[in-house]
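Lettering of chains follows the sequences in order, A, B, ..., and the numbering in each one begins at 1.
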2 protein chains.
Amino acid sequence: MDPRTLETLRAIGTQGGVTAAAAVLHLTPSAVSQQVALLQREVGVHLTERVGRGLRLTPAGEALAEAAMDVAVALERARAACDEFLVRPQGVVRVSAFQTGAQLLLPALLTRVARSPLLAGITLECTDEDVAQDDFVALTDRMDVVVAHRPDDGLGWAGGGAVEVVPLLREPLDVAVPIDHPLAHRTEVHPDDLRDLPWIAVREGFPVATVLGAVGARSGSAPRIVHRVNDFHVVEALVEAGHGVSLLPRYTFGGEGRVRLVPLVGVRAGRRIDALLRRDRAERLVVRRVLDELRALAVEIGTA
Amino acid sequence: MDPRTLETLRAIGTQGGVTAAAAVLHLTPSAVSQQVALLQREVGVHLTERVGRGLRLTPAGEALAEAAMDVAVALERARAACDEFLVRPQGVVRVSAFQTGAQLLLPALLTRVARSPLLAGITLECTDEDVAQDDFVALTDRMDVVVAHRPDDGLGWAGGGAVEVVPLLREPLDVAVPIDHPLAHRTEVHPDDLRDLPWIAVREGFPVATVLGAVGARSGSAPRIVHRVNDFHVVEALVEAGHGVSLLPRYTFGGEGRVRLVPLVGVRAGRRIDALLRRDRAERLVVRRVLDELRALAVEIGTA
DNA sequence: GTGACGATGTAGCGTCACTGCATGGATCCG
DNA sequence: CGGATCCATGCAGTGACGCTACATCGTCAC
């Protein structure tokens, strides 16, 4: 019953396979396979079952993986109990964020952490991660804090009780039009104003892809999507050049003077930015501190 | 942060030293010493401090030891989660009891466990342990279930949140007198009837040693203790031979025809029999099952 | 059917934790 | 006051365990 082995089992569950689990654990697939084989011998129950050329956890495996998280939490709590006696806790915290979230939050976060003397022991390692909506949770295995976004009205995050969700802020999505567009001088637009316009959307399955659908539903006609581009800077350039209109997040917008952003009313268009982290990682003192800064930063942005 | 190492730290705390901890862990003192040295290097805080030629845990060490129990609990819970998928859980359960408790409970417990087909996988290992009042808790490190007794009115068990206390039953203490004693034909006696009698008590510091003091206090004069004997069979023989009177537990009494047991009224004289077990051990499915049987057995005895 | 991918065994190797022994304080007792 | 004892700790040696690398087998896609 080694916690490492338990964590390995968990990784197989969340990552969906031996090879993927091995990747996040920095091990070879062989090692992972041997670990679960030994674990199964120990508990006397089948924990995995083959499905196609991969495998998944059995109910018993799921149960054990769930319990494994509690073990990890207890362990981190123990470590934190010691850190309380340290003047200044040390450690690296790995933070990932989707591109515009990174742009919005990470520079200020780094500044805040660097400025505070109490956080001097903390080393931040930042990454930007562009993944599909459903894949944000899986990132928590590699990262300590994952800044993710989801449609305003969408459901929460799947992940069982394993991930903690910390709401950071809500960012409205405005309609981006060229500066010479008929709508450019409006102070607000209704979904009805947007009928038959050529849309530039994000790729299917990616966050806020569904928002445009909601706008279309409100106006009564499905939006005409002419391009699918994930990078908002590219989107801005396309809108500026008159190749279509789009929905762009307000706080991250950087196209002033080249593109007009018009608030959308009559439909709730926005995205929620959350911090995702595994329950065990949340116990780490340094992670908690970083999270506090992140939350404070979000409040600052939301009230500005 | 190995759970084994954490358990070692805990053992140093509960057993009060490296050597004692090594004994219960089946290790050499050297190994224990090296483990804590490594652990201290890892957390960066002093966990132990020398006191005389022994050592004790620092506040940080205590905190970590406390957290270590939560880790152990989580681990056992994980193991239990797997056992739920087993038709019949297997494992050995080590039970210890003080002598008369063992006499009263263990035979019937073994019978019950052997009889039930659902408990067929359980192997019971019984021991009798005669220790001072304060040392019962420490036994939980070596045993799964410790049947202990304490004065009726006494305080509970020290042990922080680490040990679970399961009350089993209350056993009255009666006055044991020779069959030809003036009090032998009474249906009950008061403390006042006992003035100036020669008493046979248990050794200082051992369970129920304090009860006699309470009887004396009620009668107004300190009891005259002529012998101190822990083994109740020896006490019975001494009483039978007219060397004094004593307080003997009612359910365990085996001297019918040779010694008279007279109920004592006017003062609350009795002992409580509890099962003590570490919180992590309590999570083990097989331990739970045994504990259920033990509790049912106690109810049976108490209502007989 | 062939190629790619994914899981799983086997051999070899490095690492790590334990035992055994020696050392150095601290306490107890003559 | 000094020898004996107890306890914790450091160091060398050894054994076990878990990892990597490589080979194998089964499954899916084209």
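For DNA chain D, the outermost nucleotides in 5' to 3' order that have an atom under 4.0 Å from a heavy atom of chain A are D:dG18 to D:dC28.
By the 30° and 60° cut-offs, the orientation of the rings of A:H149 relative to A:F136 is perpendicular.
Atom CD1 of residue A:I225 and atom CD1 of residue A:I200 lie 11.0 Å apart, to the nearest 0.5 angstrom.
Ion pairing between a basic and an acidic side chain is recognised when a charged N comes within 4.0 Å of a carboxylate O; A:R278 and A:E7 show such pairing. We find that B:R56 and B:E62 are not joined by a salt bridge, their nearest charged nitrogen and carboxylate oxygen being 4.0 Å or further apart. Between A:R10 and A:E66, none of the side-chain N atoms (NZ, or NE/NH1/NH2) sits under 4.0 Å from a carboxylate O, so this pair counts as no salt bridge. At a threshold of 4.0 Å, the pair A:R284-A:D83 does not count as salt-bridged, since none of the basic side-chain nitrogens sits closer than that to a carboxylate oxygen.
Inter-residue side-chain proximity for B:C82 and A:L47 is flagged as met; some heavy-atom pair is nearer than 4.5 Å. Looking only at side-chain heavy atoms (C-beta outward), B:L6 and B:M1 come within less than 4.5 Å of each other.
The bend of the helix from C:dG1-D:dC30 to C:dG30-D:dC1, defined by the angle between the axes of its first five and last five pairs, stands at 20° to the nearest 10°.
Residue-environment remark: NE2 (A:H227) exceeds the threshold of 12 foreign heavy atoms within 6.0 Å.
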So which protein nitrogen or oxygen atoms get under 3.5 Å of nucleotides 9-13 of chain C's nitrogens or oxygens?
from   : atom 1 : to    : atom 2 : distance (Å)
C:dG9  : O6     : A:S30 : OG     : 2.9
C:dT10 : O4     : A:Q34 : NE2    : 3.2

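The only member of A:R288, A:R77, A:R79 that meets side-chain hydrogen bond (donor to acceptor under 3.5 Å, both in side chains) when paired with A:E283 is A:R77.
Side-chain polar atoms of B:D231 and B:Q99 form no donor-acceptor pair below 3.5 angstrom. No side-chain donor from either of A:T58 and A:E49 sits under 3.5 Å from a side-chain acceptor of the other.
The minimum heavy-atom distance linking A:L55 with A:R50 is given by the pair CB-CA, 3.9 Å.
Rounded to an integer number of Å, the gap from CG of B:L25 to P of C:dA17 is 15 Å.
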Item to check | Criterion side chain to side chain donor-acceptor pair (under 3.5 Å) on A:T100 and A:R271, from CA distance to verdict | outcome: CA-CA 12 Å; A:T100 53; A:R271 62 173 178 182; 2.9 Å; yes

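Within residues 46-53 of chain A, the residues that have a heavy atom under 4.0 Å from DNA chain C are, in order of number, A:R50, A:R53. Looking at residues 2-19 of chain A, you'll see A:G17, A:V18, A:T19 sit with a heavy atom under 4.0 Å from some atom of DNA chain C.
Under the salt bridge (Lys or Arg N to Asp or Glu O under 4.0 Å) criterion, A:R88 pairs with no residue at all, not counting sequence neighbours.
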